[in-house]
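Quick notes on the structure that follows.
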2 protein chains.
Amino acid sequence: MRKGDETRERILEIAEMSVLAKGFAATWIEEIIAEAGITKSGFFYHFKDKNELAHIMLKRYVCANDRVFDDVIERGHQLSDDPLQAFLISLKLLAEVMSDLPNGHPGCLIACICYQERQFDREVLNLTARSVEAWNARFRAILDNIALEHPPRDPIDFDDVADMLSCVVDGSIIMSKALNDPSRIERQVMAFRSFIKLLFSSTPQIRVPMPNSTGARERSTDRARAYASTVLIKNSRPSGSTCVRRSW
Amino acid sequence: MRKGDETRERILEIAEMSVLAKGFAATWIEEIIAEAGITKSGFFYHFKDKNELAHIMLKRYVCANDRVFDDVIERGHQLSDDPLQAFLISLKLLAEVMSDLPNGHPGCLIACICYQERQFDREVLNLTARSVEAWNARFRAILDNIALEHPPRDPIDFDDVADMLSCVVDGSIIMSKALNDPSRIERQVMAFRSFIKLLFSSTPQIRVPMPNSTGARERSTDRARAYASTVLIKNSRPSGSTCVRRSW
DNA sequence: CCGAAACCGTACCGGCGGTACAGTATACCG
DNA sequence: CGGTATACTGTACCGCCGGTACGGTTTCGG
């Protein structure tokens, strides 16, 4: 029963990469099985049809994402007792994780499915909706916690601020794909972090602006990245579940 | 030559809606021609193949988006001489336009293409990249203009702030599709507006927060919407070009 | 040694993309 | 009035891929 799971996992990984790069309809089963080194019969032994493949693929993706959030948020809380500081740390860690991928971020399966929604059944679409809601609620709870100690500087609805993180990440993944520049994701998460900082910081920190900095974008986070990666990996789950791979 | 253009436009509109709802590969030509009331020969008379359809569709989309931005930014400048206020007005108008669609926002073609990139040729992908870059540069220029009169309260790179608008819009479109809630787009653009306000406002406006507002989201913009729509439409192009339909 | 799990091989159908090409209706233009 | 370009229609066909069916084979644990 172990060898079957391994093949299954290999199929899912190949299929997900293909779906994120070409779309669901354009992902041919024949291509998947060629890359996985199995036959068509082998494929249909594991998945009764393409729709079941999509369903299991999505579940796997959501699971992986949840674990990444668990890790990042947990590490934030370990490194600071202040809820604001903890969240800011978590966001930095998230930014690192998101851009710590060799060939750029492959894409968000939820977004991918949303742009091909008429190809999927209700079950799949409901799972995407419930996943997004769960993540939003999670961020919302964090913001509520922060507000108990740090009054916000703008009467904005926290639901919208919570939603914004998902939006920024999904949007930046698209931009990173469109411009072939993986660093956009990290930069956007950090921009959202600035928003959180501005929203909750009590001391107005008016620093020296950079009015005409048109020039090249510079990587300012190399040291921080090395640090954060160490911190994050240190406490991540031992191994076993291949579920923790990336987020979004 | 006029009747041909009309048919062509009808095909493009149907195809775009289908692509945004099902993806490119799953958009069958037979379905398009059935809905357009023509034959397969008629389709291939206008477009030599599916790839050419994609290319022209994308050009049309980018053109429509540019016009929406032109309108919104122009109206902002007409309504205030202060660059910050003008941009805040433009953002509010943009929020209105984005959510002023009967069946929710159909989706962003750029994002849709990015999630099916391996289906398209270099020409199409280059056009998406150049479009995104142009929009980012446009927002960046606006921010530079604002900073001349309003020093920012955080040393964040303006390129990232400019990128953020595109990211928030694209991300919120996905969320609106995933949750079947068109209002998310408007709310997210307004959240970005709050960020801009916080970033550039000189007088720290610490208002009464709403610490535990867990309850239902309320529509606070009905009056403003009616106003903004009027303002926007008033100065929009007379007609002719069916290009101005929606943004993103 | 038996039986379940995990495949392989082959054959086949149907749907869709795309090509080819001949024919037709309409409008404008000289 | 005739001709020519535009804007299609109609039919026929190929090839590829998704999906089904079903029988055979290997591997491995008990």
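Computed from a predicted model, the values in this text were never measured in an experiment. Numbers restart at 1 for each chain; the letters A, B, ... are given by sequence-line order, proteins then strands.
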Please determine whether ring-ring contact (aromatic ring centres under 6.0 Å, His included) holds for the pair F24(B) and F120(B), giving the CA-CA distance in whole Å, both sets of side-chain angles, and the decisive distance to 0.1 Å.
CA-CA 9 Å; F24(B) 189 67; F120(B) 303 98; 4.8 Å; yes
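- Using modelled atom types and a 3.5 Å distance limit, the side chains of S166(B) and N136(B) yield a donor-acceptor pair.
- Distance I33(A) CD1 to dC17(D) P: 11 Å, rounded to the nearest Å.
- In the displayed structure, E35(B) atom CD is contacted under 6.0 Å by at most 12 heavy atoms of other residues, nucleotides or ligands.
- The nearest whole Å value for the distance from the CD atom in E31(A) to the P atom in dC17(D) is 9 Å.
- Note on Y45(B): every side-chain N or O is 4.0 Å or more away from OP1 and OP2 of dC8(D).
- Side-chain atoms of T7(B) lie closest to dC8(D) of the nucleotides dC8(D), dG18(D), dA6(C).
- In this structure, F24(A) atom CZ and dG18(D) atom P are separated by 10 Å, rounded to whole Å.
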Report each atom pair, protein N/O against N/O of nucleotides 8-15 of chain C, whose distance is under 3.5 angstrom.
from   : atom 1 : to     : atom 2 : distance (Å)
dC8(C) : OP2    : T39(A) : N      : 2.8
dC8(C) : OP2    : T39(A) : OG1    : 2.8
dG9(C) : N7     : S41(A) : OG     : 2.9
dG9(C) : O6     : S41(A) : OG     : 2.3

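- The cationic atom of R8(A) (NZ for Lys, CZ for Arg) lies less than 6.0 Å from the six-membered ring centre of F47(A) and within 45° of the ring axis.
- With sequence neighbours excluded, the residues that form a side-chain contact (heavy atoms from CB on, under 4.5 Å) with E31(B) are S18(B), K22(B), W28(B).
- In this entry the distance linking NE2 of H46(A) with P of dG19(D) reads 17 Å, nearest Å.
- Atom-to-atom, CZ of F44(B) to C1' of dA22(C) comes out at 18 Å; the value is rounded to the nearest Å.
- Within the structure, ring-ring contact (aromatic ring centres under 6.0 Å, His included) pairs that include any residue of residues 166-189 of chain A do not occur (at least two apart or interchain).
- In this structure, the separation between CG on D5(A) and NE2 on H46(A) is 8.5 Å, given to the nearest 0.5 Å.
- Remark: N51(B) engages D121(B) in a side chain to side chain donor-acceptor pair (under 3.5 Å) (not counting sequence neighbours).
- For residues 47-59 of chain A, proximity to DNA chain D is found at K48(A), K50(A), defined as any non-hydrogen atom under 4.0 angstrom from a strand atom.
- Sequence neighbours left out, not one pair with a member in residues 46-59 of chain A passes salt bridge (Lys or Arg N to Asp or Glu O under 4.0 Å).
- Checking dT6(D), dG19(D), dC7(C) against every side-chain atom of I29(A), the shortest atom distance belongs to dG19(D).
- A straight line from CZ of R10(B) to P of dC8(D) spans 8 Å, rounded to a whole angstrom.
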